[in-house]
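Note that these values count all heavy atoms, side chains included, but never hydrogens, waters or copies made by symmetry. Being a predicted model, the structure only gives us computed values, none of them experimental. Each chain gets a letter, A, B and so on, in the order the sequences are listed, and its residues count up from 1.
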2 protein chains.
Amino acid sequence: MTMNATKNQKAAETRQRILDASLKLFLETGYEQATMRKIAQLSGLTPGATYYHFKTKEHIIFHFYEKSYQDHLEPARATLNNNKALKTRITGLIKTHLDVARPYHQISKALFRVASTPGHPLSPFSEETRELREENISLLREGVNGSSDRIPSGIKDKLPEILWLFKILIIIYWLFDTTPDQEKTDRLVDRSVDLIVRLLAISNLPGMKSFSERLVGLFEEFKPYQ
Amino acid sequence: MTMNATKNQKAAETRQRILDASLKLFLETGYEQATMRKIAQLSGLTPGATYYHFKTKEHIIFHFYEKSYQDHLEPARATLNNNKALKTRITGLIKTHLDVARPYHQISKALFRVASTPGHPLSPFSEETRELREENISLLREGVNGSSDRIPSGIKDKLPEILWLFKILIIIYWLFDTTPDQEKTDRLVDRSVDLIVRLLAISNLPGMKSFSERLVGLFEEFKPYQ
DNA sequence: ACCCCTTTTTGAACGCGTTTAAAAAATACG
DNA sequence: CGTATTTTTTAAACGCGTTCAAAAAGGGGT
């Protein structure tokens, strides 16, 4: 216990020093300009030592994605506690994440380039990122299950996963969004979640159920992970 | 005229030699292993000379995307001539493209990594790729306008652009598809176009029109290009 | 204090995409 | 034909992410 803690202490500290240096350089100069040599230097290390702590440069930036997920949990939970309408809950879950990720907007583009390489370990669909994905889907499930909206039975179970993929698409849009503070994405979230909730409402009508269930079935069969 | 033709002849030939060498190496060894030095050597050039003809390595691979678009035009037009149902027409336009692109499946992933870098000139939403994008949208417009289906008036005009974005998403799915010959993507095209056509049919019902028009309005306001 | 084993760091190198100044080849023109 | 201009090629270099064998540092057991 104490042994292990002591054992790992050095590594954890160095790791944190690298992360601090990286973030500073990323924010000041962007991902490309923040070379591993500069990061190493600012951390008081040689490049080789840096690679002892992080497998690749991309793994450094992936850490900030994980961190943004962790950081959004508190405001996200607060939203869930204060709202019952599905629309507000889902909008809240997504917007709180975008909020905490805002400082990383520029550098996240670099991560996206990695994420969009099919088969890459850091892709959002990969095995390596499974835990984070499933945590996120669980949170969305809380958002769905705790809502006051009436959701068609055949859909409710699968909705969280669909919303997760939807969230990924929103994040992609956000990365491409060049408006100040990415405010256009915020509006898109409002408008598109509104549309999703409307579709769910319509799905409660007897004639429409088959359409929504077809959509859910399509997702279930073709979802790009697992 | 003749002068200009003669003028460009050398460059065009060399360009083609580079493309031939690139394709050979891409297919044999993949994008990463096909280094610019090897491409140059196989073309009988030095790396510097290769860069005289192609701005970056990515521009070489972008050429194959352009070519796949050109190559799919003939079978695509044949499909349009032989089918009137919207579903068949749209499915045909997308599947013919996937068909001709099949040999480039592996190497297209590298292009996608570029395409998914926000702001990159070779992104599908960029100014530099505008011509190709607009050509493709025009073709999809032919597919829509020549169909026998009754399409709600407020939607028909915008449908081609929406279908183009849909096609982009299909291509992304195709890139991630690891099934043999990407046959899963083919099924996805069938199933999802079916769903789109169903939605259009439902949209003709008076109560549903507002929903579809909302969807179209959303796209129009938030489309990620122009 | 010593040895042993693991963790961490070093320094040099590799191969990559790309750039560049200068040379060479091709072409245009009087 | 000879000269001026443009197009193409060369050879060398740059900085990058990354790797690796060897050295150093750290820590436990005797």
Colleague: Between B:E13 (CD) and D:dT9 (P), how many Å, whole number?
Modeller: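 Those two atoms, CD and P, are 11 Å apart.
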Colleague: What's the closest nucleotide to the side chain of A:T35 if the choices are C:dT19, D:dC16, D:dT9?
Modeller: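 Of C:dT19, D:dC16, D:dT9, D:dC16 is nearest to the side chain of A:T35.
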Colleague: Listed in order of residue number, which residues of residues 52-62 of chain A have a non-hydrogen atom at under 4.0 Å from DNA chain C?
Modeller: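 Listed by number, they are A:Y52, A:H53.
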Colleague: A:M36 or A:G48: which one's nearest nucleotide on DNA chain D is closer to the 5' end?
Modeller: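 The 5'-side residue here is A:M36.
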Colleague: Could you tell me whether a side-chain N or O of A:T179 sits under 3.5 Å from a main-chain N or O of A:K184, the two making a donor and an acceptor?
Modeller: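 Indeed, once roles are kept as given, a pair shorter than 3.5 Å links the two residues.
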Colleague: Quiz question: by atom type and distance under 3.5 Å, do the side chains of B:Q182 and B:D186 form a donor-acceptor pair?
Modeller: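 Judged by distance alone, the side chains do not pair up.
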Colleague: Keeping A:S123 on the side-chain end and A:P118 on the backbone end, is there a donor-acceptor pair under 3.5 Å?
Modeller: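 Looks like no, no N/O pair under 3.5 Å.
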Colleague: Closest-nucleotide mapping onto DNA chain D: is A:A49 or A:Y31 further toward the 5' terminus? I mean the 5' end.
Modeller: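 Its nucleotide being nearer the 5' end, the pick is A:Y31.
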Colleague: Does A:Y31 have A:K57 sitting over its ring (NZ/CZ under 6.0 Å from centre, angle to axis within 45°)?
Modeller: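 Geometry flag: set, cation within 6.0 Å and 45°.
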Colleague: For B:L93, does its backbone N or O pair with a side-chain atom of B:T96 as donor and acceptor, under 3.5 Å?
Modeller: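 Confirmed, B:T96 side chain pairs with B:L93 backbone.
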Colleague: With no hydrogens and no angle check, is any side-chain donor or acceptor of A:N83 less than 3.5 Å from a backbone partner on A:T88?
Modeller: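 It does not hold such a pair.
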Colleague: Check the distance between C:dA13's P and A:Y51's OH and give it to me in whole angstrom.
Modeller: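 The answer, rounded to whole Å, is 19 Å.
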Colleague: Where do A:L140 and A:L163 come nearest, in terms of heavy atoms and distance?
Modeller: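 Minimum heavy-atom separation between A:L140 and A:L163: CD1-C, 4.0 Å.
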Colleague: Counting any heavy atom closer than 4.0 Å, what does B:T46 reach on the DNA or RNA strands: base, sugar-phosphate only, or nothing?
Modeller: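 Since a base atom lies under 4.0 Å of B:T46, the category is base.
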Colleague: For residues 16-29 of chain B, which residues have at least one heavy atom under 4.0 Å from DNA chain C?
Modeller: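 Within this stretch, nothing sits under 4.0 Å of the strand.
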Colleague: Ring-plane angle category for A:H97 and A:Y69, please: parallel below 30°, perpendicular beyond 60°, tilted otherwise.
Modeller: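 Because their plane-to-plane angle is over 60°, the rings of A:H97 and A:Y69 count as perpendicular.
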Colleague: Looking at the side chain of B:P47, which of C:dT9, C:dT18, D:dG17 is the nearest nucleotide?
Modeller: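 That would be C:dT18.
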Colleague: Which whole-number value in Å describes the distance from A:Q41 CD to D:dG17 P?
Modeller: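 Going from A:Q41 (CD) to D:dG17 (P), I get 13 Å.
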Colleague: Between the base of C:dG17 and the side chain of B:R37, is there a donor-acceptor distance below 3.5 Å?
Modeller: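 Looking at the base of C:dG17, it does pair with a donor or acceptor on the side chain of B:R37 (distance under 3.5 Å).
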Colleague: Between the side chains of B:H105 and B:S108, is a donor N or O closer than 3.5 angstrom to an acceptor N or O?
Modeller: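 No, B:S108 and B:H105 have no side-chain donor paired with an acceptor closer than 3.5 Å.
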